[in-house]
Enquirer: 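The structure is given below, and queries will be raised subsequently.
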Amino acid sequence: MMKRLITGTIAFFFFAALLPIQANAAGEERGPAKHPLARVAVNGEYVEFPESLSATIIDGRVFVPIRLVQHSQIQADYLFGQERNGLFYLSVKGPLNYITLAFGNGVKMLRISDYDSEDSRQEELGGAVPYIQGEEAMVPLRVLGEAMGLDVEWDNEAKVARLETDEKYEAELESAEEWEEGMGEYPVHWDEQFAEPITEEELLSFIEENRLSIADYRLEYEYAAIVLEVGEHESIIYTVDRLRNGQLGAHDLRFSAGENGEGISVKKAAGYLSVAIHEKARQHQIDSCIVSFSINGEMKRLKFDIGDKPGYLLPIGQDVTSGKIYLYGNDGFFYENWFW
């Protein structure tokens with residue numbers, strides 16, 4: 001049985017709910033409106049994709065949304081993210097091996113790592129470079145499918161790409177029912193149209209039922225709330241997501257900061273600066289905060305009022321990479337430090 005990826009445990013990945021994927025030159029929109037479409041079948045079963053993410057033929061290659069690998073007869077999982085320099089990483093953990101694709105800024109690399117040995121092989125993607133459609137990676141089906149151990153055949157007359165699994169592959173799979181149940185615990189896809197948006201009442205009930213020490217939260221997205229949890233000596237930013245089974249769940253991708261000598265913890269993530277005031281600092285009755293940073297050579301200063309909560313999510317924008325924070329207490333306390 002394949003052990004699934006814990007989505008978001010790799011530090012350079014920014015999960016879409018925290019930082020939306022930004023298409024660059026390597027990820028320009030090249031979707032179905034400009035190219036002929038294909039169909040995809042897995043062991044004879046046709047796969048339905050959203051209209052905006054149709055399987056597309058580009059330069060003789062079929063590209064499909066990466067979510068295909070989570071099909072119940074393929075049973076792979078993936079991580080997809082973008083570094084600040086525009087380089088995209090896509091990691092796929094399948095039943096037989098682990099595959100990494102890196103693309104953007106002139107990089108076109110595929111690495112395959114086998115579970116049975118420490119060996120890995122790397123090759124250039126050539127013209128089979130993934131691209132971005134919306135917030136989804138569209139991947140070259142033959143390149144990825146064959147790397148995973150699938151048999152890939154092209155029916156030119158019917159314009160169908162046919163994927164087949166063999167006994168070795170199938171021996172590593174869960175039952176379809178088990179797999180679908182597990183997928184139900186994943187966040188809904190970014191383009192989901194029929195899920196219920198998260199309401200404040202529902203979020204507060206989730207926090208209470210799970211006894212979470214949430215100091216602040218932001219309902220910025222339909223299907224994800226950004227929350228700040230403050231512990232005794234640590235603060236953590238993560239999202240609470242709408243899951244595919246309709247429930248709410250806390251996401252595995254977490255940004256944490258430990259309490260410093262002044263009793264403060266600060267962390268930048270998802271366009272926010274989290275400020276947690278731990279017990280040691282509460283005696284100062286901190287009531288105001290100034291955040292300064294530079295964007296495109298222009299200095300900016302934002303002022304925020306601080307009350308009696310143990311933590312705050314301060315909106316500073318996703319373009320801010322670093323800056324300085326100043327905290328002021330009623331007793332003359334003054335704190336300054338850099339963040340990044």
Enquirer: Any luck finding a side-chain donor-acceptor pair between Asn245 and Glu185 under 3.5 Å?
Expert: no
Enquirer: Please determine, by modelled atom types, if Tyr223 and Glu192 share a side-chain donor-acceptor pair under 3.5 angstrom.
Expert: no
Enquirer: Could you check Phe334 against Tyr328 for ring-ring contact (aromatic ring centres under 6.0 Å, His included), going step by step and ending with a plain yes or no?
Expert: CA-CA 5 Å; Phe334 173 70; Tyr328 302 86; 5.3 Å; yes
Enquirer: Under the criterion salt bridge (Lys or Arg N to Asp or Glu O under 4.0 Å), I'd like the reasoning laid out for Lys280 against Glu262: C-alpha separation, chi angles, the key distance, then a yes or no.
Expert: CA-CA 7 Å; Lys280 183 177 181 179; Glu262 300 287 346; over 6 Å; no
Enquirer: Cut-off 3.5 Å, side chains only: do Tyr217 and Glu200 have a donor facing an acceptor?
Expert: yes
Enquirer: Before accepting this row, confirm whether a basic side-chain N of the pair Glu298/Lys300 lies closer than 4.0 Å to the acidic partner's carboxylate O.
Expert: yes
Enquirer: Please check if the number of heavy atoms outside Glu279 that lie under 6.0 Å from its CD is greater than 12.
Expert: no
Enquirer: Does Arg39 count as lying over the ring of Tyr46, i.e. NZ or CZ under 6.0 Å from the six-ring centre, within 45 degrees of the axis?
Expert: yes
Enquirer: Is the distance between the ring centroids of Phe63 and Tyr131 less than 6.0 Å?
Expert: yes
Enquirer: Ignoring hydrogens and geometry beyond distance, is a side-chain donor-acceptor pair present between Tyr186 and Asp77 at under 3.5 Å?
Expert: yes
Enquirer: Is it true that Asn43 and Thr165 share a donor-acceptor pair across their side chains at a distance under 3.5 Å?
Expert: yes
Enquirer: Under 6.0 Å from the CD atom of Glu196, do we count more than 12 heavy atoms belonging to anything else shown?
Expert: no
Enquirer: Any ion pair linking Arg142 and Asp151 (charged N to carboxylate O, less than 4.0 Å)?
Expert: no
Enquirer: Answer yes if the side chains of Ser265 and Glu259 hold a donor-acceptor pair under 3.5 Å, and no otherwise.
Expert: no
Enquirer: Does anything in residues 302-317 form a salt bridge (Lys or Arg N to Asp or Glu O under 4.0 Å)? List the pairs, not counting sequence neighbours.
Expert: Asp216-Lys309
Enquirer: If you measure from the Lys or Arg side-chain nitrogens to the Asp or Glu carboxylate oxygens, is any gap between Lys267 and Glu234 under 4.0 Å?
Expert: no
Enquirer: Around atom CG of Asp116, are there more than 12 heavy atoms from other residues, nucleotides or ligands closer than 6.0 Å?
Expert: no
Enquirer: Do Gln73 and Glu45 have side-chain atoms, one donor and one acceptor, less than 3.5 Å apart?
Expert: yes
Enquirer: Would you confirm whether Asp331, through its side chain, and Phe333, through its main-chain N or O, come within 3.5 Å as a donor-acceptor pair?
Expert: yes
